[in-house]
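Per chain, numbering begins at 1; letters A, B, ... match sequence-line order. Note that the coordinates shown come from a computational prediction; the quantities given were computed from them, not determined experimentally.
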Amino acid sequence: MEKRAVITVVGRDSVGIIAQISTELSKNLVNILDITQSVLQDLFVMIMLVDMSKCDLRFTDFVEAMVDKGEEMGVKIHVMHEDIFNSMHRI
Amino acid sequence: MLNTFDILETIKMIDEEHLDIRTVTMGISLRDCASDSVNKVADKIYDKICRRAEKLVATCDDIAGEYGIPIINKRVSVTPVSFLCDSVESDDVIPLAHAMQRAAETVGINFIGGFSALVHKGFTLGDRRLIGAIPQALAETECVCSSVNVATTRAGINMDAVDEMGQIIKSTAFLSKEKDSIGCAKLVVFANAPEDNPFMAGAFHGFGEAECAINVGVSGPGVVLSAVERAGNCSLSELAEIIKRTAFKITRMGQLAANEASRRLGAEFGIVDLSLAPTPALGDSVARILEAMGLEVVGTHGSTAALAMLNDAVKKGGVMASSHVGGLSGAFIPVSEDAGMIEAAAACSLTLDKLEAMTAVCSVGLDMIAVPGETPASTISAIIADEIAIGTINNKTTAVRIIPVYGKGVGDSVSYGGLLGEAPIMPVHSGSSSSFIARGGRIPAPIHSQRN
């Protein structure tokens, strides 16, 4: 069964943001399903839809790992279950 | 793929606008806890709560982590304990409050509601025992919350109970005088009390409820405030639409959390409560929404109309977003827990009389109002009677949570910290109501209660 999460990354643009994050994801066996990215006035905004059904970590531990990674990189990372967005924004 | 704007909007609501699940409250039936020994009842209460709510906190923390929505409070409500006081041999029912306190500590929750009695038509022996024990119970425990329903639209108002509650509130204030009479912050007097309310201090698990149910209270005054501010100078029709849409989103999040919590905990999904519940935090105020709608300060003329519109729009948006709506469902206007209300009360632009008028169009009533410690019990009863009459006649829930702060008067203020906030002492009318209250008896049910 697919367990999908939305990862958002917001912060100042710099070299290798996507690379660092995708490395972290592959380390945890998290598959990227979709990715969208834009840079608005130096502000980097990336949104990923990922499948974490093969990820060994508990959801909350994975969230913590990604938030820590974000702090290390100087960007703000949110990882949230896809259902929260579906329920809030779709009828 | 989801819309980028929608995703960022949700994150902004949570990060910057204080969107949260205010409480996940597990309602637990205590109907199998009766015995003739008060200590046996206490043990049964403790065991039942601990067994049912064992995983409540951990499960809610997991849900909060996975969905990225803060769940601020995890709480328990139980069947009104007064019914367990009928069959015990002893008049002393304080051990039951201590059992609730111990259970709350064991399962790791911050409040437990249900040290309650429903006396809208009259008292049983158990009701009298419980009500008599309220002041001591609230002084000796921290997490236990108490409520007494003194009226319903169908039954009218039990004025003997209103009279007694004035005195009970005074005793509660006295017994917790070392902590600015904080006991009264855990005591609510109701008309038309809902049986599935997740919010403290008035939560209890009604007699018509399932064995175990999850009721969720969402909140988001900050989100509504931002939406109103962003709307700029539009008409009230447009503003109502904007508030409805915002309330819909907030409630959907609550519905999702409620579904997940009830599934994981093996409990019935009860209701989502659509209330806008403020906290003393900056930007989490209902008063500021009314001010953003165009009032210079809350409490001025127009406040009741603005609140009526806000309350109605929140309900309309929320109702469609949830499969079962219940509890109090409306905007709360607790004075001490809302930064804007505190400021307006301190500046005397918000008076007790205006608050009473505002409670006619919102939930829930005169909430967290600090008054002088020397206010007579009969005046407190009369304040209760007025508020309860509004609920009874208008077929809605109203409540009074009033704190006659021992040793303090107008010009002083009290600070309880945390969610309970701080409040300036508000003046009350000096004319006596004692002869009116002393009459006792019942105010008959209003004519429109005859619907059959």
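Between A/R90 and B/D6 no salt bridge is recorded (no basic side-chain N to carboxylate O distance below 4.0 Å).
Atoms CD1 and CZ, on B/I63 and A/F59 in that order, are 12.5 Å from each other to the nearest 0.5 Å.
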Full working for side-chain contact (heavy atoms from CB on, under 4.5 Å) between A/M80 and B/I69: CA-CA 9 Å; A/M80 292 156 83; B/I69 341 156; 5.7 Å; no

Test log, rule side-chain contact (heavy atoms from CB on, under 4.5 Å), inputs B/M13 and A/M88: CA-CA 12 Å; B/M13 283 180 178; A/M88 276 179 87; 3.6 Å; yes

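Residues B/I14 and A/H78 have side chains not in contact (no heavy-atom distance under 4.5 Å, counting atoms from C-beta outward).
Contact count against chain B (heavy-atom pairs under 4.5 Å) is highest for A/I84 among A/I84, A/T60, A/N86.
Between A/T8 and the choices B/I7, B/T4, B/T10, the side-chain contact (heavy atoms from CB on, under 4.5 Å) rule is met once, by B/I7.
Within residues 252-270 of chain B, the residues having any heavy atom less than 4.5 Å from a heavy atom of chain A are, in residue-number order, B/R252, B/M253, B/L256.
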